[in-house]
Q: 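Below you will find the structure I want to go over with you.
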Amino acid sequence: MSPLVGVLALQGASGEHTDALRKLGVRALEVRMPEDLEAIDAIILPGGESTTISMLLESSGTFEPLQELLSQGLPAFGTCAGMIMLSNKVLDGRTDQRSFDRIDISVRRNAFGRQIASFETDIDVIGLGEPFPAVFIRAPGVATVGPEVEVLATVKLDEQPEIPVLCRQNNVLVSSFHPELTDDLRLHQMFLSEL
Amino acid sequence: MAESNSGSNSQIGTVRVKRGLADMLRGGVIMDVVTPAEAKIAEDAGAVAVMALERVPADIRRDGGVARMSDPSMIEAIQETVTIPVMAKARIGHFAEAQVLESLGVDYVDESEVLTPADEAHHIDKWAFTVPFVCGATNLGEALRRISEGACLIRSKGEAGTGNIVEAVRHLRSILGDIRKLTQADAAELFDWAKRLQAPLGLVQEVAETGTLPVPMFCAGGIATPADASLVMQLGAQSVFVGSGIFKSEDPAPRAKAIVEATTHYRDPAMVAKVSRGLGDAMPGLELGELDTKLSERGW
């Protein structure tokens, strides 16, 4: 039996992740309440508004049990808002915004600017041959990276410093961009290959 | 660190980037706000974005006169107050207002029938902009015309400022019902559909093939309660815009949070019941038959 991968579906683009999983022949389960966590082997935290998702995690009582599973080693893949939630520090977020502290990076929200600065570009990813089409939407940027974290891809825009955009620590993978908005399934495959 | 030249070929304002932000707002609530203080309440309640405007539709309706784009200083004050996306409205066809809003860095422009139209025949050429646009629609033809002009998000219009959900339901059912019929039509019938919808054939064929609009569809106009949000989400909306429904109610903050919860858990009646308790009075609301002006009839 294929692994059962939960996709947090409180708000945001969860449907594209479940579609990607199904294309790869993997069972997907939308997670909205604590009981949805019971049988999952891994979880994907999608893009969306991190402040909204953070609030809905609290109000649904899902934050604490998910935190517990993650601290026991539940594999996790976070894209955009999902990356913010898995980081250990959110710079310039809301003061009541909580994160799961599962990867040793600090993250700055909207690091590339407002929507008019949102962009797409092909990026080189360590471990993948061809460049990956990366879609950045009001994307967060990684500000600092701890010693245990592998940086798998970076972006360097004109006049700006090189910024890590794809990072991994043990079985936690995070991206600033949205692989789920493309037809390229290689990052989902990379995540699933560790299960 | 990876040695790379990634980013050297970056492109802004692509269709994928513009529609992508709408995708990220799915399952959420976008709230009309007229002051930074209201914007803060909206963000605290879990709004995915705010719509910055000078008067909510209920007040525009009451005051009459010409309704225009908001004062840039008011939009900027709201941008400085919240970290979530900030949208703002331009008049139908008023591309200069849209240019101003783009220069302010708003995250989405709403070419909106709630403001007084500036052009009786033409909508804005939205392909010419980096900032994405949302437009209202009452039926599938109108939605596809807006998409052909470059809209990256469609909202069913409803009847703004009434607190009455009936028009929103009519528009959602019309759009989604016709999409279902299109998927059953044969190739020859699609030509006739395109003619009747007054919409580009290519888009009609695409919708017939995929069974969905090529951009997300949200619902606006008349949502006043958590159950209203659940209703339109169950009918097929992907998110909700709430205008007057929050800040014209007795106690805005808890109502805002309750509508956010109901939009997420819309399939769970017990949850909708739970968040609906003790919210105080909803906005009073208006009967459609008593209206002098139907805002939803603006737009062509």
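Excluded from the calculations below are hydrogen atoms, water molecules and symmetry mates; all remaining heavy atoms, backbone and side chain alike, are included. Each chain gets a letter, A, B and so on, in the order its sequence line appears, and its residues count up from 1.
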Q: Identify which part of B:Ala47 has an atom lying under 4.5 Å from any heavy atom of chain A, answering side chain, backbone, both or neither.
A: backbone
Q: Is it the backbone or the side chain of B:Asp44 that comes under 4.5 Å from a heavy atom of chain A, or both, or neither?
A: both
Q: Search all heavy atoms of B:Pro85 against all heavy atoms of A:Glu49 and return the closest pair with its distance.
A: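 Of all heavy-atom pairs spanning B:Pro85 and A:Glu49, the closest is CD-OE2, 3.4 Å.
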Q: For chain A, which of B:Gly20, B:Gly13, B:Gly46 has the most heavy-atom pairs under 4.5 Å?
A: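 Of B:Gly20, B:Gly13, B:Gly46, B:Gly46 has the most heavy-atom pairs under 4.5 Å with chain A.
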Q: Name the region of A:Ser54, side chain, backbone, both or neither, that has any atom closer than 4.5 Å to a heavy atom of chain B.
A: neither
Q: Take a 6.0 Å sphere around NZ of A:Lys89 and say whether it holds more than 12 heavy atoms from other residues, nucleotides or ligands.
A: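 Open.
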Q: Do B:Met24 and A:Leu181 have side chains that approach each other closer than 4.5 Å (heavy atoms only, starting at C-beta)?
A: yes
Q: Measure distances from A:Ile137 to the heavy atoms of chain B and classify the residue's part below 4.5 Å as side chain, backbone, both or neither.
A: side chain
Q: Given heavy-atom pairs under 4.5 angstrom as the criterion, report whether the side chain, backbone, both or neither of A:Thr51 touches chain B.
A: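 Contact with chain B: side chain only.
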Q: Which atom names give the shortest non-hydrogen contact between A:Arg109 and B:Thr83, and what distance separates them?
A: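 Looks like NH1-OG1, 2.6 Å.
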Q: Is it true that, when you exclude A:Gln189 itself, more than 12 heavy atoms of the residues, nucleotides or ligands shown sit nearer than 6.0 Å to its CD?
A: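 Atom CD in A:Gln189 is packed in, count exceeds 12.
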Q: Looking at A:Ser50, A:Ser60, A:Gly12, which makes the most heavy-atom pairs under 4.5 Å with chain B?
A: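 Answer, by heavy-atom pair count under 4.5 Å with chain B: A:Gly12.
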Q: Tell me the closest heavy-atom pair linking B:Ile12 and A:Phe119, and the distance in Å.
A: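 Here B:Ile12 and A:Phe119 meet closest at CG2-CB, 4.0 Å.
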Q: Measure distances from A:Glu58 to the heavy atoms of chain B and classify the residue's part below 4.5 Å as side chain, backbone, both or neither.
A: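 Contact with chain B: none, neither part.
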Q: Between B:Gln79 and chain A, which part of the residue has a heavy atom less than 4.5 Å away: side chain, backbone, both or neither?
A: both
Q: May I ask you to list the residues in residues 25-35 of chain B that approach chain A closer than 4.5 angstrom, counting heavy atoms only, ordered by number?
A: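 When heavy atoms of chain A are the reference, residues 25-35 of chain B contributes B:Leu25, B:Arg26, B:Gly27, B:Gly28 within the under-4.5 Å range.
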Q: I need the minimum non-hydrogen distance between A:Val135 and B:Arg16, along with the two atoms involved.
A: CG2-NE, 3.7 Å
Q: Is it true that, when you exclude A:Gln72 itself, more than 12 heavy atoms of the residues, nucleotides or ligands shown sit nearer than 6.0 Å to its CD?
A: yes
Q: Within residues 32-45 of chain A, which positions have a heavy-atom distance to chain B below 4.5 Å?
A: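 Contacts with chain B: A:Arg32, A:Met33.
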Q: Answer yes or no: is there a side-chain heavy-atom contact under 4.5 Å between A:Ile116 and B:Glu102?
A: yes
Q: What residue, out of A:Gly15, A:Ala9, A:Gly113, A:Ser59, has the most heavy-atom pairs lying under 4.5 Å from chain B?
A: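 Among A:Gly15, A:Ala9, A:Gly113, A:Ser59, the one with the most close pairs to chain B is A:Ser59.
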Q: Among the options A:Ile123, A:Thr52, A:Thr182, pick out the one with the most heavy-atom pairs lying under 4.5 Å from chain B.
A: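 Ranked by contacts with chain B, first place is A:Thr52.
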Q: Which atoms of A:Ala134 are under 4.5 Å from chain B, going by heavy atoms: the side chain, the backbone, both sets, or neither?
A: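 For A:Ala134, no heavy atom lies under 4.5 Å from chain B.
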Q: For B:Ser10 and A:Leu157, work out which heavy atoms get closest and say how close.
A: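 Smallest heavy-atom distance, with atoms named: OG-CD2, 3.7 Å.
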Q: Test your reading of the model: is there a side-chain donor-acceptor pair from B:Asp107 to the backbone of A:Gln115, 3.5 Å cut-off?
A: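 Yes: the side chain of B:Asp107 pairs with the backbone of A:Gln115.
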Q: Quick one: are A:Gln11 and B:Thr263 in side-chain contact, heavy atoms under 4.5 Å?
A: no
Q: Can you confirm whether more than 12 heavy atoms, excluding those of A:Phe191, are under 6.0 Å from its CZ atom?
A: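 Yes, because the 6.0 Å sphere around CZ of A:Phe191 holds more than 12 heavy atoms from other groups.
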Q: By a 4.5 Å heavy-atom criterion (distance strictly below it), what part of A:Arg138 contacts chain B: side chain, backbone, both, or neither?
A: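 Contact with chain B: side chain only.
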Q: Would you say B:Glu261 and A:Met55 make side-chain contact, with heavy atoms under 4.5 Å?
A: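 Yes, side chains in contact.
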